[in-house]
Amino acid sequence: MTDFDARRPGTGAEAEFAEVLVSRPDIARLTGVKRPAVTNWERRHADFPRPVTVDIGGGEAVGAESERFRADELLAWLSGRTIAVNALRAGEPAGTTYGDRFRAGLTGGMAGGLLRAAVRLAGPEADRLRGPMPLDRYLLWLLYLVLNQVVEPGKGLAKAVDSFRGAVRDYDLSEKLVPRHLLATLTDTLGRTSVGSVQEGRAAFDHVLVLWRAAQAREGGAFFTPPSVSRVMAGALAAVRPGAVRVHDPYGRTGELLVAYLDAVATQAGSAPPQVGGRVPEPLERQVAEMNLRVHHGLALRLGEGPFTPAHDPFADPPGAFDVLLTNPPFGRRLENVAPPPYWTFGTARRTEFDWLQYIVSRLAPEGRAAVLLPAGASFNAGAAETVRAGLVETGAVECVIGLPAGLFALTAVKTQIWFLRAAGSGETTDPEVLFVAGEDLGHRLTRTQWALTDDDIARLVGEYVSWHTTRAAGHPFPGTPGLSRGVAVPDIADHGHSLDPSLYVRPPGSASAARVAGTAETWDRLARLTEETTALHAKAEAADAQATRWLRRYGL
């Protein structure tokens, strides 16, 4: 006997389930969890849907549960919870959510149809289908077709095919540009696959997007911002700068940070900003970024194009214009033969990261906030870098620096930090301080070499910054969290050469109380790297000794 009950109307993306009411045992059965897990969700999460009381009538046993939940509200909530890899059922791809499983149970289907197809076409089937075509170009075609299937189920693919046919007819395009046989195969496969939920469609698009980015990444900055890092940056800004009007990413990559910010605003029940935009360095990336924003938020934006560093186009964006600015700019390059732009008010530092820092601060509105992903070295490099840091700190432009664990990026092992900034001169005039959050030891392992922040890690990092911001705004000192965060007065930072390395201030020297315990595989990996480095150093030392001996013999010594 089912506990489903159709009683109440509803609206929204899941309106087809608005009249369906389910009990707690139904939720457990449809999501494949045990009954206590549902109670835990309800107790631990304030945003879990509220039950409604229903008239169970006289036919039910005494004491029967009389509370039910609206299926559309549950589906929206469950769609934000990804199923752990070790809890997936046979046939469910990684990335499947409890919402996908819940929806499939309601309709009698199986979760992850479109996602499974995208995983197969982008993985095991890719080499067979693409033939001599480069992998990145094949994945781009697949990404475009998934987009059409998501934004217009049942019609988008047909329109895409008609558009291809028209282009071939009118312009006599070659098979290399428009691979008609391949497109026919892909559209046929995707066309026979149900999109399922909105969340499933987005997950399918994201899966192909990450693989495409990895396939076409080039040296010097084509790295996809890890989703967990995007969520920290976006969640913090959405919380401390609500009601933003102008939101901007001056180096938008594939639009992942703008998508994350709009996700965070929606999660916090805020209104989407009326002006969202950004710049992307290349036309192809710009097209993909626009696709990403369309899939996730239905936005038909036209993003601009810009250089890899703003010194090459210092007037691309108006000064003091943006309420929220977030970006993952390229770093590690030197700027040669570039005249100092007018926004270099804190010093001439010809590394791209310090060009970006000064540009971003100059583009913020008086109450604006920015989040910038930077290499950890930017917080302690000496010379011209220290001069720029000193200027940023002394004028109150730096609010917070969050240290992140290594291994978050798929294509590089560089350690990174998030800097939260505001317009210079807009900070506190008495007892100014900077918040440092040492998150280097957070996260969990995804693969042998790659890590990710958990949902709890993200909440902790965002919570520290928001709590510090709220406490300081109320005129109270921020107590900090031992081993994780601490507010440091600007004069104390000056005493340390304006270093902004969180570990310098949060943990006492030599402290290992919060150090992440390395697993066996990680330990062996570290030992192997150390062995290689030691061998290389020994070889250099032997070469130096031999050279010294030759020089000494030349002089009869």
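Please read these numbers as outputs of a predicted model, since none were measured by experiment.
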Spacing of [X] atom [atom1] and [Y] atom [atom2] [to the nearest 0.5 Å]:
X	Y	atom1	atom2	value
L257	T225	CG	OG1	4.5 Å
L258	L299	CG	CG	9.5 Å
N292	D206	CG	CG	6.0 Å
T470	H476	OG1	NE2	11.0 Å
L421	S362	CG	OG	11.0 Å
T416	I402	OG1	CD1	11.0 Å

Neighbour count above 12 (heavy atom, 6.0 Å) for R294 CZ: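 No, not enclosed.
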
Flag if over 12 foreign heavy atoms under 6.0 Å of CG, N40: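 Yes, because the 6.0 Å sphere around CG of N40 holds more than 12 heavy atoms from other groups.
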
Is [X] reaching over with its side chain to a backbone N or O of [Y], donor-acceptor style, under 3.5 angstrom?
X	Y	result
R241	E367	yes
R253	N328	yes
R350	V338	yes
S426	A423	yes
R389	S379	yes
H498	T387	no

With the side chain counted from C-beta on, respond yes when [X] and [Y] share a heavy-atom pair under 4.5 Å apart, and no when they do not.
X	Y	value
Q417	D501	yes
D457	T454	yes
H296	E256	no
F315	P341	no
L404	L461	yes
C400	I418	no
V247	L262	no
T97	L78	no

side-chain contact (heavy atoms from CB on, under 4.5 Å) evaluation trace for M291 with V295: CA-CA 6 Å; M291 292 164 61; V295 165; 5.5 Å; no

Do [X] and [Y] have side-chain N/O donor and acceptor atoms under 3.5 Å apart?
X	Y	answer
E399	W468	no
T352	D355	no
S503	E440	no

Which atom pair, heavy atoms only, marks the closest approach of [X] to [Y]?
X	Y	answer
A289	G255	CB-N, 3.6 Å
T471	P477	CG2-O, 3.4 Å
L408	P405	CG-O, 3.4 Å
A118	L142	O-CD2, 4.4 Å
V466	V240	CG2-CG1, 4.1 Å
S271	V265	O-CG1, 3.5 Å

CA sep, side-chain torsions, deciding dist, call: V488, V434, side-chain contact (heavy atoms from CB on, under 4.5 Å): CA-CA 5 Å; V488 180; V434 175; 5.6 Å; no

Parallel, tilted or perpendicular: rings of Y465 and F420 (30°, 60°):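 The rings of F420 and Y465 lie parallel, inter-plane angle below 30°.
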
Parallel, tilted or perpendicular: rings of Y251 and W356 (30°, 60°):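 The arrangement is perpendicular - the two ring planes meet at more than 60°.
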
Can we say [X] and [Y] salt-bridge, meaning some charged N sits less than 4.0 Å from an Asp/Glu carboxylate O?
X	Y	value
R486	E433	no
E290	R286	yes
D263	R231	no

Step-by-step side-chain contact (heavy atoms from CB on, under 4.5 Å) determination, L140 to V288: CA-CA 9 Å; L140 186 62; V288 172; 3.8 Å; yes

With Y359, the ring-ring contact (aromatic ring centres under 6.0 Å, His included) member among F354, F322, Y343, F346: Y343

Test applied, salt bridge (charged side-chain N to carboxylate O under 4.0 Å, His left out); reference residue, D317; option that passes from R279, R363, R246: R279

Under the ring pair (Phe, Tyr, Trp, His ring centres under 6.0 Å) test, residues paired with F380 that sit two or more places apart: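 Checked F380 against ring pair (Phe, Tyr, Trp, His ring centres under 6.0 Å); zero matches.
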
Derivation of the side-chain contact (heavy atoms from CB on, under 4.5 Å) call for L500 and Y505: CA-CA 9 Å; L500 296 178; Y505 302 100; 5.6 Å; no

